[in-house]
Amino acid sequence: MGNLNAGTPRSDKLAQIEEREWDLVVIGGGITGAGAAQQAARRGWKVLLIEQCDFSWGTSSRSSKLVHGGLRYLKEGDIKTTLHCVRERQRLMREAPDLIESQSFLFADCTGRKPGRWLFQVGLVIYDLMAGQRSHFYAPLNEVQALAPGLAPSLLRGAMVFTDAKTDDARLVWRVLMEAQRDGAIVVNYAQAQSLQNAAGRVSGLVVKDVISGQSYPVRAKTIINATGAWADRLRTGVGGKPMLRPLRGSHLVVPFWRLPVAQSISLMHPKDGRPVFLYPWEGATLVGTTDLDHHGDLDVEASITQAEVDYLIEAVNDQFPGAALTQADVTACYAGVRPVVGDATGDASKAARDHAVLDESGLITLAGGKLTTFRLMAQDALALAAPYVGKTFSPDDEALFTPPADLNPHWSAFVRHRLAARYGYRAQALTHNACDADLQTIPGTNTVWLELSIAAKYESVLHLDDLLLRRTRLGILLPRGGMEHLARIRELCEPHLQWGNDGWTAQIARYQALITAHYQLPTAKPEVHAS
């Protein structure tokens, strides 16, 4: 039984990938690829997953962190997407309640602003019926300040309150990858698909390049799932596919919780253009997002927020909380991701359909679009097309995604037990049983405990400092200057496992500082940093 640990050296994993013929190779280590690998491995398929950068490097670590039911898609008449999202949200909250957390949302009802109270409430009734629950209510003006102190958009007369969910998106990817490996999948980061191989008119394998060493490996595969997100069209050119994706950039601000303390998630339509914006408590900070803009930049360069987007999001906050008088000086960090939306680059980007597409092009199964919330359904659609190439039957099922975690030390606080169960799932007890009190202290300004760093360094395929601080933990966006003031302690905890040495740490810190400055702080005239 495989697992995500340092016991299998990366070199051994790479050697394995050319020794056998794989039933399925998944290209892409975001939530879409992770879901496909997990669903296939659980069915006994021989599965290899490769990712050209780090796991969840792209959209899946830079989303809005919401596992939501797609309420906004009801307005667009997309009932199917909303229904799928609601049902999958409920499933995830049942199976991983520590990681997929319920979040109350509040939408201010203002005279003359759309959507009006009654139209919004009709949508909420449908939303709750889909979920098999009643969680929404209308809060009159005298109750709004208790729910959201300081909320004061013009002509406020009350608020609609409803329930959705949030998560740590990168940790969700990691939990799914843990389950895939538990069922025998091999997963390798910094392994790039260089070219596809064809035989008898269909895809028969690929050449994989180890980005770290530069060595290439021929890999035989019965079929391949292209789950590369915004990069999917690039891979499809190898089978004559025509472009079908519209890359959209979504950008976010991170603000210290003390500067913008909200217990509810505040949902609004931006006063400038009517697009949806959220601000909500997340990981000990307050997150503000998102924009929805066509992204024309190089996909191999990390996306960055623009000054116009910063101004747009701050304007949204100050419209709802005029007393906060939020400015750029209050922003701890920012980040941007690129969504692979299926469709052409016409019309309002915020209204582009979010359903997914799955294509079979000569044995290359492309899975693109969709929502983080529906990754399980997307994976099953792709496997249904892949199964004939593998020589197996396939039928969708409702089996649990996650193995339940064992009980943790009852002497630990409820917060710590909740935190560790969320991050490590069924492995939480094995990975944390030797933890001491100092390990379980939180890092100031965050909900992260120090233990998470050493576990990541030892067990979670960390090859670069940004893997550790931007994805295995989220310190790079939760703390000012990317958490650089904690590097001495971080190095002390992680060096026994990473063994980078003085020169290695010097290089990693320089790489990390350049990355943070260029792509995770407010816009400046700094150079772009390419992924490597």
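These values consider heavy atoms only, across backbone and side chains, with no hydrogens, waters or symmetry-generated copies.
At a threshold of 4.0 Å, the pair Arg339-Asp292 counts as salt-bridged, since one of the basic side-chain nitrogens sits closer than that to a carboxylate oxygen. Looking at Glu309 and Arg249, a side-chain N of the basic residue comes within less than 4.0 Å of a carboxylate O on the acidic one, giving a salt bridge. Salt bridge Asp23/Arg43: absent, no basic N to carboxylate O contact under 4.0 Å. The existence of a salt bridge linking Arg42 and Asp183 is excluded, since no basic side-chain nitrogen approaches an acidic carboxylate oxygen closer than 4.0 Å. Looking at Arg472 and Glu452, no side-chain N of the basic residue comes within less than 4.0 Å of a carboxylate O on the acidic one, giving no salt bridge. Salt-bridge formation is detected for the pair Arg511/Asp466: a Lys NZ or Arg NE/NH1/NH2 atom is positioned less than 4.0 Å from an Asp or Glu carboxylate oxygen.
Interatomic distance, OH of Tyr335 versus CG of Leu287, reported as 4.0 Å (0.5 Å rounding). We find the OG-CG distance between Ser265 and Leu66 to be 6.5 Å, quoted to the nearest 0.5 Å. To the nearest 0.5 Å, atoms CG (Leu468) and CG (Leu463) are separated by 11.5 Å. Rounded to the nearest 0.5 Å, atoms OG (Ser461) and NZ (Lys13) are 4.5 Å apart. Here NE2 of His418 is found 8.5 Å from CG of Leu99. Values are rounded to the nearest 0.5 Å. Note that the OG atom of Ser61 and the CG atom of Asp467 stand 10.0 Å from one another [nearest 0.5 Å].
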>> Before you tell me yes or no, could you show the steps for His433 and Asn409 under side chain to side chain donor-acceptor pair (under 3.5 Å), namely the whole-Å CA-CA distance, both residues' side-chain angles and the distance that decides it to 0.1 Å?
In response: CA-CA 8 Å; His433 71 281; Asn409 190 327; over 6 Å; no

>> Go through it in stages, so that I can follow the logic: the residues are Gln513 and Gln508, the test is side chain to side chain donor-acceptor pair (under 3.5 Å), and I'd like the CA-CA distance, side-chain angles, deciding distance and then a yes or no.
In response: CA-CA 9 Å; Gln513 284 182 309; Gln508 289 291 336; over 6 Å; no

>> Is there a side chain to side chain donor-acceptor pair (under 3.5 Å) between Glu283 and Thr446? Walk through the geometry before answering.
In response: CA-CA 6 Å; Glu283 287 292 305; Thr446 77; over 6 Å; no

> Can you list the steps and then say if Glu302 with Trp57 is a side chain to side chain donor-acceptor pair (under 3.5 Å)?
Replying inline: CA-CA 9 Å; Glu302 293 221 23; Trp57 177 86; 3.2 Å; yes

> Can you list the steps and then say if Arg417 with Asp98 is a salt bridge (Lys or Arg N to Asp or Glu O under 4.0 Å)?
Replying inline: CA-CA 9 Å; Arg417 284 182 277 122; Asp98 302 300; over 6 Å; no

>> Apply side chain to side chain contact (heavy atoms under 4.5 Å, CB included) to residues Val239 and Val203 and explain how you reach the verdict.
In response: CA-CA 8 Å; Val239 291; Val203 170; 3.8 Å; yes

> Given the rule in the salt bridge (Lys or Arg N to Asp or Glu O under 4.0 Å) test, do Asp168 and Arg423 qualify, once you have shown the distances and angles that lead to the verdict?
Replying inline: CA-CA 9 Å; Asp168 180 334; Arg423 264 124 198 90; 3.4 Å; yes

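A heavy-atom distance below 4.5 Å is found between the side chains of Thr223 and Val390. Side-chain contact between Val254 and Trp282 is absent, with no heavy-atom pair separated by less than 4.5 Å. Counting heavy atoms from C-beta outward, Val26 and Asn226 have side chains that stay 4.5 Å or more apart. Looking at Ile225 and Leu383, their side chains come closer than 4.5 Å, going by heavy atoms from C-beta outward. By the 4.5 Å heavy-atom criterion applied to side chains, Leu440 and Leu420 are counted as neighbours. Counting only heavy atoms from C-beta outward, the side chains of Glu51 and Gln192 never approach each other to under 4.5 Å. Gln52 places none of its side-chain heavy atoms less than 4.5 Å from the side chain of Asn189. Inter-residue side-chain proximity for Gln197 and Val207 is flagged as met; some heavy-atom pair is nearer than 4.5 Å.
Residue pairs that meet the side chain to side chain donor-acceptor pair (under 3.5 Å) test with at least one member in residues 478-495, sequence neighbours left out, are Arg491-Asn502, Glu495-Trp505.
Side-chain N or O atoms of Ser213 include one that pairs as donor or acceptor with a backbone N or O of Gln215 at under 3.5 Å. At distances below 3.5 Å, at least one donor-acceptor pair connects side-chain atoms of Gln429 with backbone N or O atoms of Asp407. At least one donor-acceptor pair under 3.5 Å links the side chain of Tyr512 to the backbone N or O of Gly482. Using a distance-only test at 3.5 Å, with no hydrogens or angles considered, a donor-acceptor pair links the side chain of Ser413 to the main chain of Val416. Remark: side-chain polar atoms of Asp233 are paired, donor with acceptor, to backbone N or O of Met244 under 3.5 angstrom.
The aromatic rings of Trp174 and Phe55 sit tilted relative to each other, their planes meeting at an angle between 30° and 60°.
The heavy-atom pair separating Ser454 from Cys494 by the smallest distance is N-SG, 4.3 Å. Scanning both residues, Val67 and Leu92, for their nearest heavy atoms gives CG1-CD1, 3.8 Å. Considering all non-hydrogen atoms of both residues, Thr32 and Ala227 come closest at CG2-CB, 3.9 Å. For Leu372 against Ser63, the heavy-atom pair with the smallest separation is CD1-OG, 4.2 Å. Shortest non-hydrogen contact noted between Phe415 and Asn447 is CZ-O, 3.4 Å. When all heavy atoms of Ala165 and Met93 are compared, the pair lying nearest together is CB-SD, 3.8 Å.
When each of Glu179, Arg175, Arg427 is checked for a side chain to side chain donor-acceptor pair (under 3.5 Å) with Thr403, only Glu179 meets the rule. Under the salt bridge (Lys or Arg N to Asp or Glu O under 4.0 Å) rule, Glu88 has a single partner from Arg376, Arg94, Lys371, which is Arg376. Among Asp169, Leu177, Leu172, the single residue meeting the side chain to side chain contact (heavy atoms under 4.5 Å, CB included) criterion with Ile31 is Leu172. Exactly one residue among Leu48, Leu49, Ile50, Thr366 makes a side chain to side chain contact (heavy atoms under 4.5 Å, CB included) with Ile27. That residue is Ile50.
Ring centers of Tyr190 and His464: under 6.0 Å apart, within the cut-off.
Under a cutoff of 6.0 Å and an axis angle of 45°, Lys46 and Trp22 do not form a cation-pi pair.
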